[in-house]
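Beneath this line is the structure, given in structure tokens, with notes to follow.
When a ligand or atom number is given, it counts from 1 through the structure's own listing order. Owing to the predicted nature of the structure, the values given are computational and were not obtained by experimental measurement.
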Amino acid sequence: MNTKLLRKTNLSLDREELMVNETLFHNANGYLGVRSNFEEGVPEGVGSIRGEYLNGFYDFADMPQAEKLCGLCEEKQTMLNVADTQTIFLSVNGENFSLFGGEVLESARELDMAQGVTRRQVSWRSAGGAQVQVESTRMASFAMLPLFTIEYKVTAVTGCQLQFSSLHIGSVKNYCDPSDPRVAAESPQYLHAAPAELQDGVSYVTAKTTRSGLTVTSAVKNVISAPAQESLRAEGSSAEYTASLSLKAGESVTLTKYTVLCDSVRYGDCRAQAARLVAEAAAQPLSHWYEKQREYLDKYWESCAVQVKGDDDLSRAVTYNLYQLIQSVGKDPHSNIAAKGLSGEGYEGHYFWDTEMYMLPFFSLTRPDLARNLIQYRHTILPYARENARIMGHQKGALYAWRTIMGKECSGYFPSGSAQYHINGDIAYSVVNYYLLTKDVDFLAECGAEILFETSRLWIDAGSWYKGTFRINDVTGPDEYTCIVNNNYYTNCLAKYGMYWACRTYQILKDAGKLAPVAEKIGLTREEIEGFREASEKMYLPYDEELDINPQDDSFLQKKVWDIAATPKENFPLLLHYHPLYLYRFQVCKQADTVLSHFVMEDYQSLSTMKNSFQYYEKVTTHDSSLSTCIFSIMASRLGMPEKAYEYFGESSKLDLFNTHHNTKDGIHTANMGGTYMAIVYGFGGLRVKEKGLCLAPALPAGWESYQFRVRYEDALIGVTVDRDGGHLSLVEGSPKTLYLYDRPVDLHDTLTFPTGIAPAPAAG
Ligand code: BGC
């Protein structure tokens, strides 16, 4: 079975399904993303979210607060739909090709994850009896990021007269849904498009945002494969290319549409750059770009080499999720990974902690070059994080925005937004994780250290001393059903870790003679470092002796327990059915919180506390957030509950393909996709990245024949295969390494085979 091919046939025209497929089959490359809309569109009233997006390209929009309290965020950024270059109308003997007219004899859509293209195939008969086969192949190029192509091939089954009308529409709007808090409630005209220009057979539209001062140029060139009567004309901010010709039965014609999108975030002169790139793109046949696409993806698949044998559906789902990660990740330090990638407008293209805790681990292990970009992006926006800290009343340090594109806070509801201070700890954690895997001291000196020092300063400013322990009050942890609490266990753990690592980094840079530039830049003193050390060592971590669990926060256990089993199915997710304050008074979790801290900071607690906590939180967690089941899977693996681990893993891996959260129409859930990877590598593989080194504790899920993956560690590339004969490690590249297998040191020189299934050793401390 080809697990790199996702194919759906005889597609339904149901509104919801249409929009879900627009998401699932979208094309993206980390810079641009195009939803898989029908070229010919859908009739008015049928659901469609038509969009083309650029990662990190945004406008500001008002977010008025009814009660204007000090410091509340009143402006947000929103990712823009930049142009419509997808539209191609086809007329067959004067009748418009449409799935909603004539007769659809067969239809299919596929995503080819080896070739990096999507295909749509329709066999159609017009009301007048003319029959054609339409196949459109689309690609967001990894080799030339501003390039998106459509190869639109029509084969005549009966002789017919065809007319193509290929549009380039410069004036577009974003999607909105006033009834759903997870997408924008309204959509003004953000972009102001200049009149379309025509030059050398290319149409150009340059548009400017209303407030953010950004510019984008879209350039489109159409090429037809057979002699035809052609025209290109501009009207307002749109252009139309037409081609007419007749085909005999059995003949085909292909319209190739090259789109180039250049924005001013990356390019000084978007118009000139677009002209240069569209010429370069169209100078080559599509086969050239397809070849480059395949080469890129060959390398990508080789770099992570994740394979699961024994469950084809799961295996395809895993491949799909990994494909979406490379489609979504920004390829430059100007951008990051939006919660929905570039597949839709859910969460308005914002970046969250999702990147650092759910996706960066994957890139640090497999593509450290991309992980670097992501951290560099956070370094670039440090000035805004400092500004945000001042807005929030802090004298020192930096507080990253809970959700953002360019760095400023976009959170409209602070209790489950800006109050999630753990974002600081998450970003610091990702810096450390990257450093531990790469040992890149220069990068630590240039980017990482400043992040670690500034976020630590914030903890000192936000926290307070009480009875000899350091405490952090009035913050919100990852669980958004429990807001503004004292001593959220997760937050305190990450703050402890971040401050510990600020001290370690100070020493590492000092020893390497690289401390002075960063210390001088931010005026860091030795006393501050001592303060970080003390607060880290004396950090208060809630613990309940009777239950032997870590309470999520100081008041969590005092609340009533929400009866999840008795809650009507249609009332999930709870956030759409209950007032937030009502939810806050219950022990009910939207997502993994303390369980997540036990995954990332396992050495802070004993195995029994982690096990009891897992069982406790499992009963009060709804998994209404897509960031949850993957973490429960990982911890179930860690705590020796393989069946549970597998069950949660199944839920996580199929979340978008089966639209289990009922909102895939708004975009994929990228964090969960990284989480699926982690459930294999950290869960079944038992991988942990610790200061002492890389640790593994693999086990094979019962139904599987085998699984494998590769990870980069310092200068080495290490292959891990787990099958029914045991575990097998190989040093694919680089120098020998000492690793920890089930907590015992082993030297990997070449290859190593070991028995699996040994229960993980108890964590220290
Ligand atoms: C989750 C957050 C997450 C956000 C974006 C919310 O539903 O609760 O943890 O960051 O979605 O994915």
Side-chain angles (χ1 to χ4, degrees), residues 23 76-79 180-184 321 324-325 328-329 336-360 374 378 400-405 409-427 429-430 475-485 488 490-491 494 552 572-578 580 583-584 588-597 599-600 617 621-632 652 655-656 660-664 666-676 678:
T23 297
K76 63 179 177 179
Q77 302 125 52
T78 194
M79 177 179 79
D180 189 341
R182 295 164 299 183
V183 295
N321 289 354
Q324 297 311 335
L325 288 176
S328 307
V329 60
N336 203 278
I337 314 174
K340 306 282 179 187
L342 292 158
S343 67
E345 299 178 23
Y347 291 126
E348 300 178 68
H350 293 162
Y351 315 135
F352 294 74
W353 72 309
D354 304 33
T355 298
E356 281 73 20
M357 298 313 289
Y358 290 79
M359 295 180 270
L360 233 154
L374 296 169
R378 291 294 190 186
Y400 281 98
W402 171 242
R403 51 191 290 179
T404 189
I405 295 178
E409 180 62 280
C410 294
S411 158
Y413 178 64
F414 77 88
S416 57
S418 317
Q420 295 200 46
Y421 274 40
H422 66 85
I423 182 128
N424 259 18
D426 306 323
I427 293 170
Y429 171 84
S430 75
V475 295
T476 298
D479 165 31
E480 296 184 351
Y481 289 166
T482 310
C483 290
I484 318 209
V485 291
N488 168 252
Y490 176 87
T491 307
L494 284 210
Q552 194 169 294
F572 294 96
L574 302 181
L575 68 108
L576 297 184
H577 302 275
Y578 301 90
L583 294 172
Y584 301 165
V588 63
C589 306
K590 184 181 177 192
Q591 60 205 101
D593 191 307
T594 307
V595 174
L596 173 60
S597 14
F599 158 41
V600 290
Y617 290 107
T621 304
T622 62
H623 306 291
D624 283 350
S625 158
S626 65
L627 281 67
S628 197
T629 49
C630 52
I631 304 302
F632 273 74
S652 156
L655 192 143
D656 277 312
T660 58
H661 277 232
H662 310 293
N663 63 353
T664 295
D666 298 319
I668 53 170
H669 298 77
T670 54
N672 171 64
M673 290 168 157
T676 301
M678 291 201 295

Kindly confirm or rule out a cation-pi arrangement of Arg378 over Tyr400, judged by NZ or CZ under 6.0 Å from the six-membered ring centre and within 45° of its axis?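 Yes.
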
So which residues, sorted by chain and number, lie with a heavy atom under 4.0 Å of ligand 1?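 Near ligand 1, by chain and number: Ala339, Tyr347, Phe352, Trp353, Asp354, Trp402, Glu480, Lys590, Gln591, Ser625, Leu627.
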
Contacts of [X] that satisfy side-chain hydrogen bond (donor to acceptor under 3.5 Å, both in side chains) - sequence neighbours left out:
X      : result
Thr594 : none
Ser343 : none
Thr476 : none

Quick one: closest heavy-atom pair of Glu356 and Asp426, and the distance?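 Looks like CB-O, 3.6 Å.
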
Side-chain contact, heavy-atom cut-off 4.5 Å: Cys410 with Glu348?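 When only atoms from C-beta onward are counted, Glu348 and Cys410 do not touch, as no gap falls below 4.5 Å.
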
